[in-house]
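See structure below.
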Amino acid sequence: MAVSVPLAVDVEDMSFRYPGNDVVAFSHFNLQIPKGGRFGLFGPNGAGKTTLMSLMTGLLTPAEGSIKILGQDAQSKSVRKLFGFVPQDFSFYHELSPVENLHFFGAWAGLSKIKIRQRADELLEILGLTDVRDKPVNKFSGGMKRRVNLAIGVIHEPGLLFLDEPTVGVDVQTRHAIINYLMNINEAGTTLVYTSHQLSEAEGLCQQVALMETGKICAQGDLDILFKEHNSASLEELFLDLTGKDYRD
Amino acid sequence: MQKLWATIIKDIKILLRDGVGLLLMFVMPIILVIVVTNIQNSTFQAVNKNRLPLLVCNRDTGESSKQLIEAIDKLGLLKVSLLSKNATRAQIGDAMKDKDAQLAILIPASFSANTKAKAKNASNKALKSFGLQGDSVKNVVIKAESLTLYFNPVIQESLRFSVQGALQSALQLVESRQTLRTLYFAINEKQLSASLENEMLSNQTRLNAVPVLKDGSRAVPNASQHNVPAWTIFAMFFVIMSLSGSVVREKVNGSFIRLKTLPTNYMVGLLSKQITYLVVTLVQAAVIFSIGIWLFPIIGIPALNLPSDLTALFFVTLVTGWCAVTYSIAVGVFAQTQEQANGFGAVSIVILSAVGGLMVPSFAMQGAIKTTSALSPLHWSLEAYYDLFLRGGNLSDVVANIIPLLVITLILQLVIFLGLKRKNLI
């Protein structure tokens, strides 16, 4: 008797095309991401990672099929309390301080004032932003802004966290701090769905991966098994083996 | 409610940290209202109190030209300065530049002779119509040489027409006097006494100018009553420079994307912006009105008198502010960049102001432009303010102007909603 694994993300027979664009971004696409793991989505530029992330977070609506997030329709309003999103861009108010940003986004996430205060203090401490908690973010370095971006995404302690290149452009120390934090929240039960071009970093973080190419999955599974199947020593080698060495943009 | 409050706090903090935005919303309109009112007040005083300079080149040596100059001086509108009688047209032009005079008049050498001849003709005709024998001299057709009025092309047409009208009445007086004297002499064979002449020529019915106010008072409007409401509206609509940019920034820097993934509708964000900036427009109006009331008299500009119906004033200001905020958000929703929002925003407000009658009164507009003015929300705001500030109206008087303003606002709200929906932002 097959044991059904609880899913964090269940994309079923999904099709999508950008309005006014003849090219179909996804056609009858399927993807299952188990709950509790650390899942990496990789592929060259134009593979459809960010589009898929936008579909999973409800920013885009599929034309056909369904996307379920922790058992709920990705388009429903109630599902938004369940997941967090850390976009690649710095998606916050640069005129405000980290604590002001956390208070605002915490309120929009539906947290109480007390909970916001508690979570803000906690996150600023963990991510090393306590000393600059009241300074406007527009004075911050790229690494500090990345940490603010991450803190906002997890203010409401989501069960599932989508991360779109969360460490791009940061120094080694910040990358280390961010990855450490992500490992910790994953241990505490948060499912991570992560995209990045930093394949060495991803190799250390992800347990399972899906390699994408023009809206299709060309390989998916546990990293160790994929390495064995494709006789690859690293994720980068596997990536190049499956997606080729030609430029994509 | 907590979400809305948190959003309002966020918007206020961002607004207070936007120094340039605050400058554009408060300092610039204040400077504008002071400068424009001061200039208009000076113009008013120049025309009504200080007299416009008029250069006179009198080539005539007779009596009539002297009487004409005297009559012009007595009008009270023009300050006469005499030029050399031999001045050429070029020299008159130079003198206008040197003496900073916008107007000059050239009286031809034949003026007195022509006036006398015309009077003689008229007198003869009159005597004949009475059945009396006129002068034996035959009536001749007099080809009178015109007086020439030189004017600086920059002078407003309306002002030039006023001056022309005044000069014509002075000329009429001189010609009438001459005709009267000639006729009197022909009948009585003696000179008309100065007292009788003055009585006959000056005994005119006076024309009193009385402003028509709805509250029955007779307060004469001044430059402040005209300008402060108009430029307050302009200032309120100028929140577009800060607000539309704020909407675009939110879209461009990705905050929208994150907000869309949170369990709160973006309409909360728009409601917050409307409340925050509506308060800003009310503060703007309060500051500008306060300056009109208390600062203007100190710097020599007539004080602004608030309307008697303060509830109506608040209501008009509230609806105007809401319309200004709604228009700004609509521009922000459709603009792709901050440059687009600022450029379109500023130019569109200037156009809407011009069409709406802030720069040239709507009643002076003709044809299509006059019809177009009804599409400008600034027109309805201005009419409502004028009802209160100039015509002494109350709340019931402004309703007719408030309804179109509310309709425009609601249409813009719908446009915002559809725009956000089309862009998949709500």
Report, as yes or no, whether the 6.0 Å neighbourhood of atom OH on A/Y181 holds more than 12 heavy atoms from other residues, nucleotides or ligands. yes
Closest approach of B/Q2 and A/I116, non-hydrogen atoms and distance? NE2-CD1, 3.8 Å
In terms of heavy-atom pairs under 4.5 Å, which option from A/T57, A/I152, A/D89 contacts chain B the most? A/I152
Closest contact, heavy atoms only, A/K81 versus B/P263: CG-CG, 3.6 Å
Check the pair A/F92, B/S255 against side-chain contact (heavy atoms from CB on, under 4.5 Å), reporting the backbone distance first and the verdict last. CA-CA 5 Å; A/F92 47 74; B/S255 306; 5.6 Å; no
Does anything in residues 331-346 of chain B reach chain A? List residues with heavy atoms under 4.5 Å apart, or say none. none
Is it the side chain or the backbone of A/N138 that comes within 4.5 Å of chain B heavy atoms, both, or neither? neither
Side chain from CB out, backbone as N, CA, C, O: work out which of these in A/I155 comes under 4.5 Å of a heavy atom of chain B, or both, or neither. neither
Check whether any side-chain N or O of A/R80 sits under 3.5 Å from a backbone N or O of B/L262 as a donor-acceptor pair, and report yes or no. yes
Charged tip of B/R258 within 45° of A/F85 ring normal and under 6.0 Å: no
Proximity breakdown for A/F162 and chain B, heavy-atom pairs closer than 4.5 Å: neither
Would you find more than 12 non-hydrogen atoms of other residues, nucleotides or ligands less than 6.0 Å from B/I299 atom CD1? yes
Would you please go through residues 9-19 of chain B and name the residues with a non-hydrogen atom below 4.5 Å from one of chain A, in numerical order? B/K10, B/K13, B/I14, B/R17
Residues in residues 270-291 of chain B that sit under 4.5 Å from chain A, counting heavy atoms only: none
Can you confirm whether B/F26 is buried at CZ, in the sense that more than 12 heavy atoms of other residues, nucleotides or ligands lie under 6.0 Å from that atom? yes
Please flag which part of A/S112 lies under 4.5 Å from any non-hydrogen atom of chain B: side chain, backbone, both or neither. backbone
More than 12 non-hydrogen atoms from neighbouring residues, nucleotides or ligands closer than 6.0 Å to CG on A/D131, yes or no? no
Can you name the residues that form a ring pair (Phe, Tyr, Trp, His ring centres under 6.0 Å) with A/W108, not counting sequence neighbours? A/F104
